Structure formats: C-alpha cells, structure tokens
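Quick notes on the structure that follows.
The analysis underlying the following values was restricted to heavy atoms, covering all of them including side chains, and did not include hydrogens, waters or symmetry mates. Computed from a predicted model, the values in this text were never measured in an experiment. In what follows, every chain begins at residue 1, and chains take the letters A, B, ... in the order their sequences are listed.
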Amino acid sequence: MKHWRFFPILVKEEVLKNMGPLERFSFSKCSKNCWNLLSRIPNHLEYFRILYDDRRSVLLTSSKSTIRTLEVKIESDLEKERVDQFLLNRHTLKVKKLILEISPEYSEMYKKLIDFCDPSFIECMHMEQLDSLEAYKEIRETPQYKNSQEVILTWDFLMKLFYSPAWLGPEELRRLPYCV
Amino acid sequence: MSVENAPVVDVDEAAIPVEKKMYYRFESNDKKEFRVSELAIQQSETLNRLVEAMGYTSEDVENKPAIAIENIDGKTLKLVFQWCEHHKGEAIPVDDGSVPKIVEIPEFDAKLMDIDNGLLFKLIWAADYLNIVQLLNVSCKKVANMAQGKTPAQLRRVYLLPSDEEDEAAKRAAQEAQDPRAREVEEEFEERKRQGGNSFF
C-alpha cells in the first residue's frame with residue numbers, strides 16, 4: 001500500500017476498524033502517529049480482563065470502547081500494582097457488568113475501580129469477596145452503585161450489613177436484588 | 001474522446017424499456033467516457049445527488065456534455081462503475097458501529113480488487129470521494145486483511161508507513177510551506193505564551 005500517508009483520515013479509521021486486536025497491536029507499534037490514530041478507534045469487547053501488557057490493555061480499551069463484562073481479580077500486590085498501572089491516566093470505561101474479585105486486604109480498590117466505570121452505562125456490579133463495611137458505605141454513595149440494576153454480594157456480607165448501623169432498612173434490599 | 005466499452009452497461013439498449021433505464025454519461029479526468037445506469041448510480045451518494053440536482057432527461061443525457069469527474073482517472077472509474085453496476089439495486093449498508101467491523105468480501109468484489117496496491121489506493125480514494133459506502137467497506141477490509149499475521153516491521157513495508165522521523169520532517173515541511181506572515185504571528189504568539197502572557201493582544 002503505497003499511499004497510506006495520503007489516505008483521508010476517515011478512510012484510515014475505516015481500515016483500522018476492520019483490523020482485529022492483534023493486527024491493531026502490531027500497527028500501534030509502527031509510529032507515534034499510528035498509536036494516536038488507533039487510540040481513537042473504539043472496541044466493543046464482550047469480555048475484558050486487565051492484562052499484564054499495559055500497552056495492549058490501553059489499546060483495547062481506547063476511548064469510546066465498550067466492555068460488556070469487565071472482570072478484575074486482585075489477590076496479590078503484583079495484581080494490585082498492575083491494576084493501578086492500568087487505571088493511571090485512564091479515561092472512564094464504559095462497562096455493563098463489573099465483576100470484582102478482590103481479596104479483603106485490597107478493599108480500597110473496589111471504590112477506585114467503580115469510579116472508573118461510566119455511571120450512565122453500568123448495569124451490574126458483582127462483588128463476591130467484599131467484606132468491608134467501610135468500603136461498602138463508600139461504594140453505596142457512588143452514582144455507579146445507584147444506577148446499577150443489580151448489585152451482587154455474598155449472603156454472609158449481607159447478614160453482616162444487616163446487623164450493622166450501616167443497614168438502611170428495606171431501601172437497602174431494593175438495591176440488592178441478588179445475593180450469592 | 002474515447003468511449004470506454006467496459007462491461008459497465010448492457011449494450012443491448014434496444015431490449016430495455018427506455019423509460020425504466022436511463023444511462024448517464026460520465027467522463028474521467030483522462031477524458032474516458034462511461035455510460036452508467038440510473039440504478040447503479042444510486043450506490044454513490046455523491047453522484048446520485050449530482051444527477052438529481054441536474055434533473056437531466058434522456059435527451060439531455062445524450063445532447064449535453066458528459067458529466068466530468070475531475071479527480072478520478074479512467075482506469076479507476078471503470079472499476080468503480082463495474083462495481084456499481086454489479087451491485088445496483090442493493091441496499092446501502094448503515095454503519096451499526098460494530099468494531100471490528102463484520103464485512104464479507106463477495107467473490108465478484110474480490111476479483112475486482114485483485115489489482116496492484118496503487119490502483120487499490122485509487123479505488124478506495126474514489127469510493128470515499130463518491131461516497132460509495134459498501135465499496136469503501138470492502139476495499140478497506142481488503143487493506144485491513146493485508147495486516148493479518150504481520151509484525152510491525154512487515155506492516156511498515158506493506159503500508160509504507162512513515163516513521164516518527166519522517167512524520168516530523170513532513171510536519172516541519174508543512175510548517176515551512178505556510179504563509180511567512182502567518183508563521184511570524186504564530187511564533188510571536190508562542191513567544192508571548194512562553195513569557196507568561198495570557199492574551200496575544
């Protein structure tokens with residue numbers, strides 16, 4: 001292709017929209033301009049889990065991308081560091097369903113991750129390992145929580161919440177349609 | 001002026017009811033003439049609007065000069081009109097926003113686009129200029145397919161992508177080509193910004 005430089009910008013974008021993730025990743029490494037161009041092309045991902053390769057993660061979740069299910073697992077300092085790295089200087093992520101599998105010692109990460117989801121887009125939050133009432137109280141105030149149709153917690157945590165001063169009464173149950 | 005007898009149109013016009021099939025005449029920038037059916041023209045939003053605005057009758061088409069398309073050469077225009085004739089009457093796709101785009105290249109299109117990269121570039125450029133959505137889709141898909149399984153170094157060769165240094169040089173050249181007074185104003189503005197001034201005035 002002799003004339004890439006002379007393609008109109010919309011044509012370049014059309015070509016890139018037709019490329020799969022692997023080709024896009026290779027293309028992004030060709031020059032700064034290639035990277036900048038790709039960072040404007042959205043992706044629509046069924047599932048995404050933050051990868052070790054931050055460059056690839058950033059590319060897959062470029063501006064205007066949507067993610068049906070974002071799963072985040074943090075069970076070690078290394079995983080926490082990786083997620084922190086990913087969130088650094090990120091734009092808001094359009095996520096429908098957020099699955100957080102975070103060990104109790106990293107409970108501050110719940111709020112951090114929820115804050116990165118577009119409140120107008122999110123529909124479900126799944127927090128099976130949430131154990132901290134303090135973290136939950138913070139989460140409960142977020143627009144993401146308020147806009148979610150489903151918030152999934154464990155039965156044990158719900159009982160803990162029920163017997164605590166943080167329990168809001170029947171209003172709490174209306175927001176929590178499912179427990180596991 | 002040579003008339004291109006490409007398989008763009010059915011030659012047997014006598015067998016076709018005139019009132020149902022009208023053929024427009026177009027001329028490329030290298031003075032090659034093409035006859036294209038009204039239905040085929042509908043694939044191109046640009047040409048369709050143009051002929052609608054002109055409001056030609058069948059006699060006008062024959063008596064008036066061919067409609068000039070000045071940015072496209074005959075070889076490319078022939079491919080474009082072949083494509084339009086083959087796909088005439090088909091619905092024009094609407095972008096559903098899916099990414100990666102799900103585009104299938106039909107056999108006819110694949111054969112039509114079995115051309116060198118230079119001509120493929122011109123075809124894409126023409127499809128964009130004439131706003132032929134589906135031709136643009138399939139041709140962009142073909143270009144995207146060239147990237148399959150390629151490393152960044154291979155991609156640079158396939159697409160002839162400029163390096164960072166070349167991009168910088170092109171940017172500098174564009175700046176130098178600017179009007180000298182505009183450049184002076186820009187430099188003065190930058191200087192004032194560096195000195196902490198908020199306003200140019």
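Contact annotation for K150(B): only backbone heavy atoms (N, CA, C, O) come within less than 4.5 Å of a heavy atom of chain A. In this structure, no portion of N145(B) lies under 4.5 Å from any heavy atom of chain A. In this structure, chain A has no heavy atom under 4.5 Å from any part of E165(B).
Under the 6.0 Å distance and 45° angle rule, R140(A) does not count as a cation-pi partner of Y145(A).
Ranking E166(B), Q154(B), Q148(B) against chain A, the residue ahead of the rest is Q148(B), based on heavy-atom pairs under 4.5 Å. Ranked by heavy-atom pairs under 4.5 Å with chain A, the first of L155(B), D128(B), D164(B) is D164(B).
Aromatic rings of F34(B) and Y24(B) (six-membered ring for Trp) have centroids beyond the 6.0 Å cut-off, not under it. In summary, the aromatic rings of F81(B) and F26(B) are positioned with their centroids under 6.0 Å apart.
Of all heavy-atom pairs between N43(A) and S65(A), the closest is N-OG, 2.8 Å.
Using a cut-off of 4.0 Å between Lys/Arg side-chain N and Asp/Glu carboxylate O, E62(B) and R35(B) are scored as salt-bridged.
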